[in-house]
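Comments concern the structure below.
Counting convention: from 1, in listed order, for ligands and their atoms alike. Residue numbers run from 1 in the order of the sequence given.
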Amino acid sequence: MNLLITGGCGFIGSNFVRYWLESHPRDRIVVYDKLTYAGRRENLHDLWDSPRLSLVQADIADMDAARRACCENQIDLIVNFAAETHVDQSILGPLIFTDTNVRGTHVLLEVARELGIRMHHISTDEVYGHIPDGHQSVETDPLAPRSPYAASKAAADQLVQAYYITYSLPVTITRGANNVGPFQYPEKVVPLFATNAVLGEALPVYGDGLQMRDYAHVYDHCTGIETVLLRGEIGQVYNVGTGREMTNLEMVNIVLETLGQDRSLIQHVTDRPGHDRRYSMNVDKLRALSWEPKYDPWQAVTEATRWYAQNRAWWEPIRNGEFREYYDRQYAERLAGTRKA
Ligand code: NAD
Ligand code: TYD
């Protein structure tokens, strides 16, 4: 099979490419990636020599480029990881989220429709919005996104489902929980906190830190997507997570303990506007396809933290580069205005 993996140089996409090439030795992968700040060729540095892997640098919203990549490579399946992905970035500059996440997904659906290709779309638990205690989101729940990022992902999900209903396009969707693991850009909380802690810098916890997230290992997300690609029902949505949550303060404590660092690094700062208090998903539908996560959230955060401690060569150039400007914009005032715990 020939797969077009959009966003394959990003965090989850690159982990998925690595996983798929290893476990499906007859398949070929074309990574289709715009290489934004979050897309890094070096995430797959040891694999580019493989005759089974190639890169097209282009935008998913560019219909001609997407069509050409599919035709020239006889693509059988598009897996759409490409997106703008960070909630805080979506608060600072939201329009690119609509361009890529909504229009880009729509363009891929059009290309898939024209060429008769199956498309799998990668979505997120954030489309369900804040989940009150006592409930776990199921796939049929109404979408109630609350950030520009989540709203753009929800719009994309609805377009994907509309193409199934209207054109019978063979589509599937997975909604992932908060992923952690190797090669995650350090704007996201676990790599941010792990790398800050390694450097002895403050960990900026938004508000009281009692928000709840299902921190799932990216490996389990990859096997969940694989399960849906091989055994999922066309037209269906599947949640992928551990089904268990922890508070952000619990997550911070695991990061600090794993690194042998002191809790005095914790600094409570001004909260994110519209911050969703709790995400929680029921993953029984995926379990019914004989899938089980290998890591619980505690193991996932520990493993991920260890990777950042052992791979400074990957993240130091990022942190010393353009990331610095974003970090100052997002955190300088917040950190100056508060005291350490
Ligand atoms: P990421 O930000 O690490 O990577 C995104 C990738 O998409 C990068 O390689 C980037 O260059 C590429 N990209 C961005 N805009 C593009 C465009 N217009 N055209 C082509 N390529 C483009 O993201 P991630 O964390 O790996 O997330 C991958 C997918 O999984 C996204 O769809 C995201 O919404 C979803 N998701 C992420 C998480 C999470 O915890 N990170 C959880 C659930 C779902
Ligand atoms: P993040 O990794 O941005 O994922 P999402 O917002 O998509 O869940 O954040 C995870 C949690 O960590 C979320 O509750 C916000 C919180 N957080 C902080 O407390 N401080 C930070 O600096 C960041 C980036 C996030």
Side-chain angles (χ1 to χ4, degrees), residues 5-17 31-41 43-44 56-62 65-66 69 79-91 96-97 99-101 103-105 107-108 121-127 146-147 149-150 152-153 156-157 174-181 183-193 196 202-216 218 221 225 239-241 245 247-249 251-252 266-272 274-279 281 327 330-331 334-335:
I5 306 293
T6 74
C9 288
F11 163 47
I12 306 173
S14 64
N15 277 281
F16 182 81
V17 167
V31 168
Y32 185 101
D33 198 301
K34 186 178 164 188
L35 298 178
T36 68
Y37 72 94
R40 314 192 74 79
R41 248 182 258 253
N43 292 355
L44 295 168
V56 173
Q57 184 177 355
D59 191 329
I60 55 167
D62 180 341
V79 186
N80 182 31
F81 290 91
E84 290 292 335
T85 60
H86 191 39
V87 173
D88 291 324
Q89 300 270 17
S90 84
I91 294 168
I96 182 79
F97 285 71
D99 296 341
T100 290
N101 301 1
R103 189 163 192 287
T105 303
V107 165
L108 292 178
H121 180 67
I122 307 297
S123 181
T124 162
D125 59 1
E126 306 201 17
V127 298
R146 289 158 33 93
S147 71
Y149 164 66
S152 69
K153 294 296 290 186
D157 279 24
T174 41
R175 296 194 177 128
N178 281 68
N179 274 219
V180 298
F183 304 112
Q184 186 169 31
Y185 196 79
E187 65 191 351
K188 305 294 189 325
V189 74
V190 169
L192 179 72
F193 284 6
N196 273 16
L203 312 190
V205 171
Y206 293 157
D208 61 12
L210 298 179
Q211 307 84 6
M212 303 202 78
R213 294 291 186 271
D214 174 350
Y215 289 103
V218 66
H221 195 184
I225 296 164
N239 292 340
V240 191
E245 322 80 68
T247 66
N248 283 335
L249 282 179
M251 173 271 292
V252 172
I266 296 172
Q267 195 164 340
H268 290 270
V269 300
T270 308
D271 208 347
R272 168 191 283 172
H275 194 168
D276 285 334
R277 198 76 184 156
R278 178 170 176 265
Y279 297 140
M281 285 192 298
Y327 190 81
Q330 180 65 14
Y331 295 104
R334 277 187 162 88
L335 286 167

Under the criterion side chain to side chain donor-acceptor pair (under 3.5 Å), which of Thr105, Asp59, Asn80 is the partner of Thr6?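 For Thr6, the side chain to side chain donor-acceptor pair (under 3.5 Å) test succeeds with only one of Thr105, Asp59, Asn80, which is Asn80.
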Return the closest protein heavy atom for [atom] as residue, atom name and distance.
atom	value
atom 18 (N) of ligand 1	Asp59 OD1, 2.8 Å
atom 44 (C) of ligand 1	Ser123 O, 3.1 Å
atom 38 (C) of ligand 1	Ile12 CD1, 3.6 Å
atom 29 (C) of ligand 1	Phe81 O, 3.2 Å
atom 20 (C) of ligand 1	Lys34 N, 3.2 Å
atom 19 (N) of ligand 1	Ile60 N, 2.9 Å
atom 4 (O) of ligand 2	Asn178 ND2, 3.2 Å
atom 32 (O) of ligand 1	Lys153 NZ, 2.7 Å
atom 2 (O) of ligand 2	Val189 N, 3.0 Å
atom 11 (O) of ligand 1	Asp33 OD1, 2.6 Å

If the cut-off is 4.0 Å to any non-hydrogen atom of [X], which atoms of ligand 2 fall inside it?
X	result
Phe193	20 (N), 22 (O)
Val87	6 (O), 7 (O)
Glu126	5 (P), 7 (O), 8 (O)
His86	3 (O)
Val205	19 (O)
Asp88	24 (C)

Identify which one of Asp99, Leu108, Val107 satisfies the side-chain contact (heavy atoms from CB on, under 4.5 Å) criterion when paired with Ile60.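 The side-chain contact (heavy atoms from CB on, under 4.5 Å) with Ile60 is passed solely by Leu108 among Asp99, Leu108, Val107.
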Can you tell me which residue among Asp276, Leu249, Asp271 is in a side-chain contact (heavy atoms from CB on, under 4.5 Å) with Gln211?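 One option only clears the test, and that one is Asp271.
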[X] near ligand 2, heavy-atom distance under 4.0 Å?
X	answer
Met251	no
Tyr215	yes
Tyr331	yes

Could you tell me whether ligand 1 has any atom less than 4.0 Å away from a heavy atom of [X]?
X	value
Gly104	no
Tyr149	yes
Ala216	no
Gly8	no

Ligand 2 versus Leu192: contacting region, heavy-atom distance under 4.0 Å: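 For Leu192, only side-chain atoms sit under 4.0 Å from ligand 2.
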Under 3.5 Å: donor-acceptor pair, side chain of Asn101, backbone of Glu84: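 Yes.
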Pair Glu126 + Lys153, salt bridge at N-O below 4.0 Å: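 Salt bridge flag = no for Lys153 with Glu126.
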Does a salt bridge link Asp33 with Arg40, judged by any charged N lying under 4.0 Å from a carboxylate O?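 Between Arg40 and Asp33 there is no salt bridge, as every charged N stays at least 4.0 Å from the carboxylate O atoms.
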For ligand 1 and Asn80, I'd like to know whether there is a polar contact (N/O to N/O, distance under 3.5 Å).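 No: no nitrogen or oxygen of Asn80 is under 3.5 Å from one in ligand 1.
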Give yes if a backbone or side-chain nitrogen or oxygen of His221 is under 3.5 Å from a nitrogen or oxygen of ligand 1, and no if not.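 So ligand 1 has no N or O lying under 3.5 Å from an N or O of His221.
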On a heavy-atom basis, I'd like to know which of [options] is closest to [atom].
atom	options	answer
atom 15 (C) of ligand 2	His275, Arg278, Gln330, Met212	His275
atom 21 (C) of ligand 2	Tyr206, Tyr149, Tyr327	Tyr206
atom 15 (N) of ligand 1	Ile96, Asn178, Thr100, Thr174	Thr100

Below 3.5 Å, N or O to N or O, backbone or side chain included: is there any such pair between [X] and ligand 2?
X	answer
Glu187	no
Asn248	yes
Tyr279	no
Lys188	no

Could you check whether any side-chain heavy atom of [X] comes within less than 4.5 Å of a side-chain heavy atom of [Y], counting everything from C-beta outward?
X	Y	answer
Thr247	Met212	yes
Tyr331	Leu192	yes
Asn43	Cys9	no
Lys34	Asp62	no

Go through the side-chain N and O atoms of Tyr206 and Asp88 and say whether any donor and acceptor fall under 3.5 Å apart.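 Yes.
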